[in-house]
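Here the structure is laid out as structure tokens; the discussion comes afterwards.
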Amino acid sequence: MFRRAFGFGTVGRTLLRRSAAAGAPSGSTPAGPRLRHLHSKRNLGDTSGRRVGFFSRDPRTYVMAIPACCVGLGLWYMKKVEEHAEKSTRPSRIDWVEAGVVSPVVRNQKSCGCCWAMAAAASVEAIHILKTSQKISLSVQELIDCDYSNSGCWGGFSLRALRYIQRNGLSSESSYPYRARRGICKKDKPVAARISGFRFVYWTEEALEKAVARQPVIVSLQGTIYLDNYKGGIMDYEALPTRTNMHNVLIVGYGTDPSGVKYWRFKNSWGDGWGEGGFGRIRRHVADKRGVLGMFMEPGLYPVLNI
């Protein structure tokens with residue numbers, strides 16, 4: 001398996017054919033460009049004239065010698081080739097709202113601090129459509145009432161919400177409607193969707209772009225005045241030196257505006273009167289590594305649905 005993967009079998013056979021074609025004895029150096037040998041100058045008691053090191057005079061040792069120096073390089077090279085191929089085929093622009101995967105309808109959490117639940121529900125709705133082609137609106141209220149690992153309207157974590165959905169499933173919005181306050185958990189509602197699990201996105205813009213090219217991703221933004229007063233356009237979101245309140249949103253795509261400014265597009269949960277119809281854009285690929293990553297207080301997160 002290693003020979004074929006790294007092209008070793010072809011190289012080994014070529015060297016042997018050249019040696020045979022030249023009529024050289026089996027212990028001679030193959031024809032063609034000379035290979036630099038790394039060998040020990042000490043007398044190891046070998047009277048056969050073989051060289052000790054990565055390459056030797058005996059063709060039979062090629063199989064044993066080459067992987068020792070080339071396997072690591074081969075793995076590294078193959079990984080870089082795969083990364084380059086993936087990046088070159090990645091779309092320069094993607095919008096999961098336009099693609100019909102994320103609903104254009106923006107929820108309004110009102111006075112309830114449940115952005116964590118709204119982002120989680122929106123992400124599961126998206127993966128459900130991607131996997132089943134069936135549109136669905138899931139209950140945020142069930143997460144507020146029944147996910148006791150979070151604090152309802154007093155805040156929470158989308159990670160814990162996804163864990164709840166993985167274990168219990170989630171009912172539909174129509175069967176368990178939003179009330180903007182925490183109430184008694186009603187477990188008698190039919191399950192409308194489930195997930196198989198969830199995954200994290202490494203904390204870089206490159207990793208986030210790779211993930212968003214596949215599906216929408218939940219991120220935690222710093223709750224700043226920039227976010228509160230946003231009216232539209234591309235935000236130059238500043239990284240704050242101290243930890244602030246976090247706000248969960250769903251990254252629904254990325255692109256470049258007519259002026260050449262790259263951006264992330266995200267779906268908020270403050271109603272369609274905020275920002276650009278409930279959506280916002282933040283500068284992407286800025287010079288200061290903290291400029292955009294500093295706003296993400298936690299690694300990205302997305303649900304998985306194996307069918």
Item to check | Common cluster, I127/I129, ILVMFWY with side-chain heavy-atom separation under 4.5 Å | outcome: no
Checklist entry - Nearest 0.5 Å, what's the CH2-OG distance between W274 and S269? => result 9.5 Å
Next on the checklist: Checking the side chain of S139 only, and the main-chain atoms of S171 only, is there a donor and an acceptor separated by less than 3.5 Å?
Outcome noted: no
Next on the checklist: Could you check whether atom NZ of K231 has more than 12 heavy atoms from other residues, nucleotides or ligands sitting under 6.0 Å from it?
Outcome noted: no
Next on the checklist: side chain to side chain contact (heavy atoms under 4.5 Å, CB included) for F157 and S151? Distances and angles first, verdict last.
Outcome noted: CA-CA 9 Å; F157 298 88; S151 302; over 6 Å; no
Item to check | Taking every non-hydrogen atom, the tightest pair across A119 and N248 | outcome: CB-CB, 3.9 Å
Checklist entry - So, Q215 side chain and P303 main chain: donor-acceptor pair closer than 3.5 Å or not? => result yes
Checklist entry - Quick one: SG on C112 to CD on Q141, what's the gap to the nearest 0.5 Å? => result 7.0 Å
Item to check | Cationic tip of R281 above Y263 ring, under 6.0 Å, 45° of axis | outcome: yes
Next on the checklist: Has R284 got a side-chain atom pairing as donor or acceptor with W264's backbone, closer than 3.5 angstrom?
Outcome noted: no
Checklist entry - Are the side chain of Q166 and the backbone of S196 linked by a donor-acceptor contact shorter than 3.5 Å? => result yes
Item to check | Rounded distance [0.5 Å steps], CD1 in I195 versus CZ in R163 | outcome: 10.5 Å
Checklist entry - Under the 3.5 angstrom rule, does the side chain of K131 hit a backbone N or O of V304 as a donor-acceptor pair? => result no
Checklist outcome for this item: Heavy-atom nearest pair, G169 first then V191, reads CA-CG1, 3.9 Å
Checklist entry - If only atom types and distance count, is the side chain of Y178 paired as donor or acceptor with the main-chain N or O of R181 below 3.5 Å? => result no
Checklist entry - Is any side-chain heavy atom of V106 closer than 4.5 Å to a side-chain heavy atom of K267? => result yes
Item to check | Nearest-0.5 Å distance that lies between atom CD in Q134 and atom CD in E125 | outcome: 13.5 Å
Item to check | Cluster link L130 to I136, ILVMFWY, side chain under 4.5 Å | outcome: yes
Next on the checklist: Tell me which one of C114, S137, C115 satisfies side chain to side chain contact (heavy atoms under 4.5 Å, CB included) with R107.
Outcome noted: S137
Next on the checklist: How close do A192 and H128 get, counting heavy atoms only, and between which atoms?
Outcome noted: O-CE1, 4.2 Å
Next on the checklist: Check this for me, if you would: do R179 and D145 make a salt bridge, where the nitrogen-to-carboxylate-oxygen distance has to be below 4.0 angstrom?
Outcome noted: yes
Checklist entry - Does the cation-pi check pass for R265 over Y254, that is, NZ or CZ under 6.0 Å from the six-membered ring centre and within 45° of its axis? => result no
Checklist entry - Taking the side chain as C-beta and beyond, is there a heavy-atom pair between Y176 and L170 under 4.5 Å? => result no
Next on the checklist: For a 4.5 angstrom cut-off between non-hydrogen side-chain atoms, does L227 reach M235?
Outcome noted: yes
Checklist entry - So, do H247 and W116 have ring centers that fall under 6.0 Å from each other? => result no
Checklist entry - Is any side-chain heavy atom of R90 less than 4.5 Å from a side-chain heavy atom of K210? => result yes
Next on the checklist: Please evaluate residues N268 and F279 with respect to the criterion side chain to side chain contact (heavy atoms under 4.5 Å, CB included), reporting the C-alpha separation (whole Å), side-chain torsions for both, the decisive distance (0.1 Å), and the verdict.
Outcome noted: CA-CA 6 Å; N268 204 351; F279 293 82; over 6 Å; no
Item to check | Any L250 side-chain heavy atom under 4.5 Å of V217 side chain | outcome: no
Checklist entry - For R214 and E209, what are the C-alpha separation, side-chain angles and deciding distance, and is it a salt bridge (Lys or Arg N to Asp or Glu O under 4.0 Å)? => result CA-CA 9 Å; R214 294 193 301 263; E209 185 176 296; over 6 Å; no
Checklist entry - Are the side chain of N150 and the backbone of G152 linked by a donor-acceptor contact shorter than 3.5 Å? => result no
Checklist entry - What's the shortest heavy-atom distance between K262 and T256, and which atoms? => result CG-OG1, 3.6 Å
Item to check | Any donor-acceptor pair under 3.5 Å from S103 side chain to V105 backbone | outcome: yes
Checklist outcome for this item: d(S172 OG, L138 CG) to nearest 0.5 Å is 8.0 Å
Checklist entry - Under the side chain to side chain contact (heavy atoms under 4.5 Å, CB included) criterion, do F198 and S158 qualify, and how do the steps go? => result CA-CA 11 Å; F198 46 86; S158 293; over 6 Å; no
Checklist entry - Are I94 and V201 connected in the hydrophobic side-chain network, where two residues link if heavy atoms are under 4.5 Å apart? => result yes
Checklist outcome for this item: Here the gap from R160 atom CZ to L162 atom CG, rounded to the nearest 0.5 Å, amounts to 12.5 Å
Checklist entry - Could you go step by step and tell me if V249 and V219 meet the side chain to side chain contact (heavy atoms under 4.5 Å, CB included) rule? => result CA-CA 6 Å; V249 298; V219 297; 3.7 Å; yes
Checklist entry - Are any side-chain N or O atoms of E276 and backbone N or O atoms of G233, one a donor and one an acceptor, separated by less than 3.5 Å? => result yes
Checklist entry - How close do P216 and V102 get, heavy atom to heavy atom, and via which atoms? => result CG-CG2, 3.6 Å
Checklist entry - Are V140 and W270 linked, directly or through other ILVMFWY residues, by side chains that come within less than 4.5 angstrom of each other? => result no
Checklist entry - Taking Y164 for the side chain and L143 for the main chain, is one N or O donor matched with an acceptor at less than 3.5 Å? => result no
Checklist entry - Mind checking whether W96 and M118 sit in one hydrophobic cluster, side chains of I, L, V, M, F, W, Y counted as touching below 4.5 Å? => result no
Checklist entry - Does the distance from a Lys or Arg side-chain N to an Asp or Glu carboxylate O, for E142 and K189, drop under 4.0 Å? => result no
Next on the checklist: For a 4.5 angstrom cut-off between non-hydrogen side-chain atoms, does F266 reach L221?
Outcome noted: yes
Checklist entry - Are E205 and R283 close enough for a salt bridge, meaning some N to O gap below 4.0 Å? => result no
